[in-house]
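Inspection log for the structure reproduced underneath, given as structure tokens.
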There are 2 protein chains.
Amino acid sequence: MKNKTKMRETGCPVAYGLDTFGDRWSFLILRDMMIRDKKTYGELLEMEEEIATNVLADRLKQLEAADIISKVRDPENRRSYIYSMTAKGYDLAPILTEIMVWSGEYDQRPFALRNVPDLIKKDRKGFLAKISGG
Amino acid sequence: MKNKTKMRETGCPVAYGLDTFGDRWSFLILRDMMIRDKKTYGELLEMEEEIATNVLADRLKQLEAADIISKVRDPENRRSYIYSMTAKGYDLAPILTEIMVWSGEYDQRPFALRNVPDLIKKDRKGFLAKISGG
DNA sequence: CTGGATCCCAATAGATACTG
DNA sequence: CAGTATCTATTGGGATCCAG
């Protein structure tokens with residue numbers, strides 16, 4: 001685990017949140033786990049944003065240390081691990097949702113995908129329910 | 001402006017959001033502007049998390065380039081600038097709110113401030129209205 | 001003065017090659 | 001499959017410099 005950037009102990013909840021998941025990759029992992037139901041290192045590695053192996057390994061460790069995800073050995077495949085969200089992790093779903101809504105509103109690049117945020121806006125509670133808790 | 005990390009052009013709204021504000025400092029600046037009503041470089045520099053001058057200058061540029069904030073000269077003090085949120089910036093308020101709610105729920109360190117998140121949970125709409133648009 | 005820009009350099013993040 | 005090792009690029013802290 002490389003990222004030893006010290007936690008900012010000001011008590012501010014915004015600072016705590018950013019110290020925990022405030023980087024360019026953590027929420028992409030959580031997106032794949034919550035929305036795309038990915039469960040293994042190999043599945044996560046295939047994300048289209050092309051995360052590097054060490055970055056993925058590092059973030060998985062950090063997220064596990066923060067009790068946002070947990071890992072167990074795959075009972076059906078002894079050399080694989082199954083990652084899953086904890087309750088604390090699923091409670092990040094509202095943040096993920098709001099990020100998608102905002103970006104869906106403002107990403108004007110031609111290839112931007114807006115259908116998902118549209119879906120959320122039509123039924124935010126349904127979407128949240130779907131990704132919160134599996 | 002240091003941060004030339006390329007945008008990930010996958011179309012995913014989560015990736016767009018993270019490319020735009022996914023770092024340890026941007027949302028602390030936005031917190032101070034939205035919640036604490038700070039308007040100048042000097043005021044922002046005083047945040048208790050002790051942002052470095054170069055980092056603050058860099059993030060202000062990035063946020064301005066992303067049309068999240070804008071700057072004008074202070075008409076009452078010709079050697080100062082006034083930063084303010086754009087509509088696109090104020091629309092980040094729901095993300096800020098959800099970060100505060102989550103951290104308020106899970107930051108168990110003794111110095112963690114939980115009164116603000118409690119306030120949000122009692123009246124999320126009121127809080128959002130208060131920080132959205134000044 | 002305020003609002004930065006610049007520079008140094010330590011610390012982190014990330015790409016790629018390789019391994020148990 | 002699930003990482004580690006290694007090496008390079010980028011970020012960030014702190015001091016200092018500079019323009020309006």
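Letters A, B, ... mirror the listed sequences (proteins, then strands); counts begin at 1.
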Residue list, salt bridge (Lys or Arg N to Asp or Glu O under 4.0 Å) with [X], at least two apart or on another chain:
X      : value
A:D32  : A:R36, A:K38
B:R114 : none
B:E105 : B:K121
B:K88  : none

Which donor-acceptor pairs under 3.5 Å do the side chains of residues 69-76 of chain B make with protein atoms, sequence neighbours left out?
unit_1	atom_1	unit_2	atom_2	d
B:R73	NH1	B:R78	O	3.0
B:R73	NH2	B:Y81	OH	2.8
B:D74	OD1	B:E76	N	2.8

### Task
Not counting sequence neighbours, which residues clear side chain to side chain contact (heavy atoms under 4.5 Å, CB included) with A:A93? List them please.
A:M34, A:L128, A:I131, A:S132
### Query
Who pairs with B:E46 by side chain to side chain contact (heavy atoms under 4.5 Å, CB included), at least two apart in sequence or on another chain?
none
### DNA chain C contacts among residues 66-78 of chain B, heavy-atom distance under 4.0 Å
B:K71
### Message
Can you give me the bend angle of the helix from C:dC1-D:dG20 to C:dG20-D:dC1? Use the axis through the first five pairs and the one through the last five, nearest 10 degrees.
### Response
40°
What N/O pairs connect the protein and nucleotides 18-20 of chain C at under 3.5 Å? Give each pair on its own line.
none

### Query
Does any pair with a residue in residues 24-59 of chain A pass ring pair (Phe, Tyr, Trp, His ring centres under 6.0 Å), and if so which ones, sequence neighbours excluded?
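Found A:F21-A:F27.
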### Query
Mind checking what makes ring-ring contact (aromatic ring centres under 6.0 Å, His included) contact with A:Y106, not counting sequence neighbours?
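Partners of A:Y106 under the ring-ring contact (aromatic ring centres under 6.0 Å, His included) test: A:W102.
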